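Each remark here refers to the structure printed beneath this line.
Small disclaimer: the values here were computed from a predicted structure and weren't measured.
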Amino acid sequence: MYIHSATEPFNEEMEIDFKRVENWLNHFNLLPIHHMHVSGHGSGNEILAMIREINPEKLYPIHTENIESFDILKDEGIEVIHPNLSF
């Protein structure tokens, strides 16, 4: 089974790529195709819930505009390490 978990094609090139994948899946009889739209970004609460469930010892937040919002996890025993952005 193939699960497509990405944004929907929004331009001609992406549509061609998607058709190419469908053709390969058909060729190898890998059906059905399940489409799941995802934006690639979770809400702050969704991300915090995921981190809490994983329960890492250390967390390095790197792809965020609000790095301080992860500091709340320190009270839950997760070491939050802010990256050093100076070069």
**Request:** Heavy atoms only: give me the nearest F70-I47 pair and the separation to one decimal.
**Result:**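 Looks like CE2-CG2, 3.8 Å.
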Show me the donor-acceptor pairs within less than 3.5 Å that the side chains of residues 53-69 make with the rest of the protein, sequence neighbours left out.
from, atom 1, to, atom 2, distance (Å)
T64, OG1, N66, N, 3.0
S69, OG, N66, O, 2.6

**Message:** How about CD1 on I72, more than 12 heavy atoms from neighbouring residues, nucleotides or ligands closer than 6.0 Å, or not?
**Reply:**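 Not more than 12 within 6.0 Å, no.
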**Message:** Using a 6.0 Å cut-off, check whether atom NZ of K74 has over 12 heavy atoms from anything other than its own residue.
**Reply:**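 Yes, enclosed.
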**Set of residues satisfying side chain to side chain donor-acceptor pair (under 3.5 Å) with respect to E13, sequence neighbours excluded** =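 Expected list: none.
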**Asked** side-chain contact (heavy atoms from CB on, under 4.5 Å) between E79 and L73: does it pass, once the steps are laid out?
**Response** CA-CA 8 Å; E79 183 181 357; L73 298 168; over 6 Å; no
**Prompt:** For L25 and H27, what are the C-alpha separation, side-chain angles and deciding distance, and is it a side-chain contact (heavy atoms from CB on, under 4.5 Å)?
**Reply:** CA-CA 5 Å; L25 294 171; H27 176 76; over 6 Å; no
**Message:** Check R52 with E76, please: is the shortest side-chain N to carboxylate O separation under 4.0 Å?
**Reply:**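 Judged by the 4.0 Å cut-off on N to carboxylate O distance, E76 and R52 do form a salt bridge.
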